[in-house]
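Atom set for the values below is all heavy atoms of this structure, side chains included, hydrogens, waters and symmetry mates excluded. Quick note on labels: first sequence line is chain A, next is B, and so on, each numbered from 1.
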Protein chains: 2
Amino acid sequence: MVKVKKIEIIPLGGIGEFGMNCMGIRYGDEMIIVDAGMGFPEETPYGVDISIPNFDFLEDYRDDLTALILTHGHEDHIGALPYILKKFNLPVYASRFTAALADKRLDEHKMLDEVLLHRVKPNDVAKIGSFEIEFIHASHSLVECFSLAIKTPLGTLIHTGDYKIDDTPVIGKPYDLKTLAKYGDEGVLALLADSTNATVPGRTPSERDVIPAFEEIFEQAEGRIIISTFSSSIHRLQIIFEIAHAFDRKVCVLGRSMLKNVEIAEELGLLDIPHNTLVELGESRSLYADEIVYLVTGSQGETRAALWNLATSTYKGLEIEKGDTVVLSARIIPGNDKAISRLIGHLYKRGANIIEEKRRLIHVSGHASQEDIKIMTETARPKYVVPIHGEYRMLFRHKEFIKNHVEGYTDENVILIENGDVLEFDETGARLLDKKELNRTFIDEESLGEIEYDVIRERKKLAYGGAVSLVVTVNKKTKELAGEPKLSFQGVAGIDLTNGVVSDARKTITEAVEAMTKAQITDTNLFQENLRVHLKRFLQKEIGTKPVIVTTIVEV
Amino acid sequence: MVKVKKIEIIPLGGIGEFGMNCMGIRYGDEMIIVDAGMGFPEETPYGVDISIPNFDFLEDYRDDLTALILTHGHEDHIGALPYILKKFNLPVYASRFTAALADKRLDEHKMLDEVLLHRVKPNDVAKIGSFEIEFIHASHSLVECFSLAIKTPLGTLIHTGDYKIDDTPVIGKPYDLKTLAKYGDEGVLALLADSTNATVPGRTPSERDVIPAFEEIFEQAEGRIIISTFSSSIHRLQIIFEIAHAFDRKVCVLGRSMLKNVEIAEELGLLDIPHNTLVELGESRSLYADEIVYLVTGSQGETRAALWNLATSTYKGLEIEKGDTVVLSARIIPGNDKAISRLIGHLYKRGANIIEEKRRLIHVSGHASQEDIKIMTETARPKYVVPIHGEYRMLFRHKEFIKNHVEGYTDENVILIENGDVLEFDETGARLLDKKELNRTFIDEESLGEIEYDVIRERKKLAYGGAVSLVVTVNKKTKELAGEPKLSFQGVAGIDLTNGVVSDARKTITEAVEAMTKAQITDTNLFQENLRVHLKRFLQKEIGTKPVIVTTIVEV
């Protein structure tokens, strides 16, 4: 059988949602995976910590899988790494910094020794079967990030990863448009491009553009300065260290992820901490207020992070005081508004001066805005554009923008895909195959185990109405009640143990059993279900609640 | 005993939070309540629909309570009305429109006949014991709203309610600054003032300012127009009816609250619907696309509202189609970002053209911005300012703004209070008394009943880890096991009924019972607790989960 040459693009996550970026790219019977990110699901009340793509979906391709490529080290690109590698032990390609962050995740899962991690540099080319992948240096809020040029016999794909076109980053070089242009000249089949900021007009400011505002803050602050930012914003950290040094302030780093990332970035020579600038918490307390900067986690109002604890007197040995200047150098991630507002309330109550992102340029995005998207598209000049990384709204606006502002792009060659789609390219063109159902997988990070959908569904019911345990004991032979029915209530509203509802319920069940035939009781399943229905109706009528009812029959 | 004359301000809700506005104002042994609003708690997964202030707190003042005054008809000011009136049957004072909305709530609770509702007009004065209350016409996004001038023998309080200084509202007159100025001239002791928009610079645009953008939208739209806005934004509805009429489009109203509010506002002569403009759904479908406007609920992405249903093919007889223009004429209430983004994704997928608030002036706030706050303060010229209505962050910024931009105000006479505080005024000045603990009350709107805090706490545990029911049967005399322990699992992760965890658990329990002394089994509480601990440890070790464990002992 002659196989038709084709490329398949199979997104497992990150398309039509924020987070969980993961994509399969297949040529013939070879398949590489780009990124294995985690997501931040709304199911946290149900014991879920993170979500990951449904890697079971890849079982059909098990024999084809050849490698996993990581574009950069953000959690939404590498957070699911241990979980995919447990199922498919693939060699991994990543930059040194991304690899260091990946090691951290693998170590938590005690998998460090089992994984083959290739550390690659910009413009390295990895030959993986029929794929030839060049790692293109990309600018982003993180360091050592890549766009990928993925050469196949059928044509070249550019996967942007997350990027911005930063002409003056703080650490490392600007986005490598030259290499991108080379591929543009040779011909690009498809550009798979970050859509996160596709609704934002203009250019994304450079990482360097926050410097003036920070200098001003340091000039004005008379007391301590506490700066909260994403621990992965390495450019930002570099800026803060340098300005602190210039203003004769020491820097004390607080919060686990911030400490770890500073350590990794310094070890790799990416973060250049001026001599004698870094101090421990103990030493920091012996300094005057105008001699210290705290660099802390918790910009999203997370109640377990350093800033929250500092604001609520739950951090050991330090708290926010009147005269402190607190700088929230991060965007508000949708869904965190309320938590951040509460945090700010606590900070104000303590008399801190708060500097928020909205009011001063103390944060810039790491993602391409519309004019950056234009530069990207015009440089790569792809036959097709495929918006990735973003909610459907962003993907759609990405498409609209390109159609309206970049010549040569129409509804025909800007293709919107969704998780579970298969987008096929061959010599005749591109086509979207039938979408496959693709659920997420929920993870409990404490046990590191998966939580099944059914379990979540049951937990939602328990949360909503509580639970009742009903135990009915019957005589094995006579099929008559042997003792009173027993009831236990958990999280049921309107049950006042003194007001008779419980004894009335017991009575209802007793009467129900007495009215049943022997046959109805002999069939345990039927008996259980009958009892459940009786109790359900009683509770609905008496107290208007619908708890989960668990019935146990004891035969004696 | 000679009583010292004093006024006490006792906020029950709305201070340091969004929603649930309610305040007690006491002079001597008389107390009035201003507003009884509901809140929108985050506990919805736990069967909670709304929160209301803890009215039990008022029990201490039962004999003092004389009246309930409603400033306006928004749910965060009247939503708790049935609940407070069930506990304290007070006469209520409200505008006709507010009263009509209140009637709707009371009707749901079948309380219409039990409540004495005084309908008042602007500049009416109600004499309630020692209080003399003038209702001052206030502009807001709703109609027939009041600020209150509350005269007491010790001085006059101004309670702004929710307000904006709208010089050109669509319906009704501008804010009645003249009456306010009269009180300013006479002397105002304290101004209790809305802080919702205290972080927003400048003036709040007039309700009328959205007209140009709407006209432009109507000019450009070739297909159907679907406009979603808050059903209480009566000015907005008036504008849409008028522009629709001018552009020869009929209007079809969809969504229960929108239909109801249009009906009430029209009945009271507030909403002036041009002749022949309103059509039913059936008739609307026989019109051409450029002859119809749908006015729908669901601007916040609520999955039970009309717009969501129209976007997901779940509305009977109508759905969004390619060529439709959907106008989201409302702000994004914090916490709703994700739902709205999902809604917009659905709309884009259907090929609709979407017009969002961020991109065009199709929504204006109903609350005073900083320059409005300045006008309010300078007109009332109070001795004290007390910021109300808002999260602590807004209250704080309100204070900062006044201190920095209105002459004569300092830390001494701008007083920040919180729910549960008692702020006392007497002839010598103002002071803040000890704060009282003041929990919210959660309501299940289906049963219309309260949900206790303990119940919520239990439901959170059930949600987080699921539940296990363990039933152990022992012989009454020998205290030995009479049959196998029985286990039922609900929402427990990692339990695969085929992999032996359940039978191992049963074995663990059996062995534990066999190892116990007769005395340990005889004490039922001790026995139950012992079994719970054994099962807990087993599950923690084997599958890493911590479900709620309910143990039942059956003696035979």
Sort [X] into side chain, backbone, both or neither according to what part of it lies under 4.5 angstrom from a heavy atom of chain B.
{"X": "A:I543", "value": "backbone"}
{"X": "A:E446", "value": "side chain"}
{"X": "A:V48", "value": "neither"}
{"X": "A:E42", "value": "side chain"}

What residues form a side chain to side chain donor-acceptor pair (under 3.5 Å) with A:Q540, not counting sequence neighbours? none
Select one option (side chain, backbone, both, neither) describing which atoms of [X] are under 4.5 Å from chain A's heavy atoms.
{"X": "B:S469", "result": "side chain"}
{"X": "B:T44", "result": "backbone"}
{"X": "B:Q490", "result": "both"}

With sequence neighbours left out, what residues match A:E445 under salt bridge (Lys or Arg N to Asp or Glu O under 4.0 Å)? A:R105
Between the side chains of B:R397 and A:E356, is the shortest nitrogen-to-carboxylate-oxygen separation below 4.0 Å, so that they form an ion pair? yes
Closest non-hydrogen atoms of A:P334 and B:D337, given as atom of the first, atom of the second and distance, are CB-CB, 4.0 Å
Measure the CE-OH distance between B:M394 and A:Y348 for me, rounded to the nearest 0.5 Å. 9.5 Å
Please identify, among B:K546, B:H346, B:K338, the residue contributing the most non-hydrogen atom pairs under 4.5 Å to chain A. B:K338
State, yes or no, whether a side-chain contact exists between A:T473 and B:V556 at a heavy-atom distance under 4.5 Å. yes
Taking side chain as C-beta onward, heavy atoms only, is A:R393 less than 4.5 Å from B:K349? no
For residues 481-488 of chain A against chain B, heavy atoms under 4.5 Å, the residues are A:K486, A:S488
Given A:G47, A:G544, A:G16, the one with more heavy-atom pairs under 4.5 angstrom with chain B than any other is A:G47
For B:K403, does the NZ atom have more than 12 heavy-atom neighbours from other residues, nucleotides or ligands under 6.0 Å away? yes
Extract all donor-acceptor atom pairs below 3.5 Å that involve side chains of residues 447-465 of chain A and protein atoms in other chains or at least two apart in sequence.
residue, atom, partner, partner atom, Å
A:S447, OG, A:D444, OD2, 3.3
A:S447, OG, A:G449, N, 3.3
A:E450, OE2, A:K87, NZ, 2.9
A:Y453, OH, A:R440, N, 3.2
A:Y453, OH, A:R440, O, 3.4
A:D454, OD1, A:R457, NH1, 2.7
A:E458, OE1, B:G491, N, 2.3
A:R459, NE, B:G491, O, 2.6
A:R459, NH1, A:Y46, O, 2.7
A:R459, NH1, B:Y464, O, 3.1
A:R459, NH2, B:G491, O, 3.3

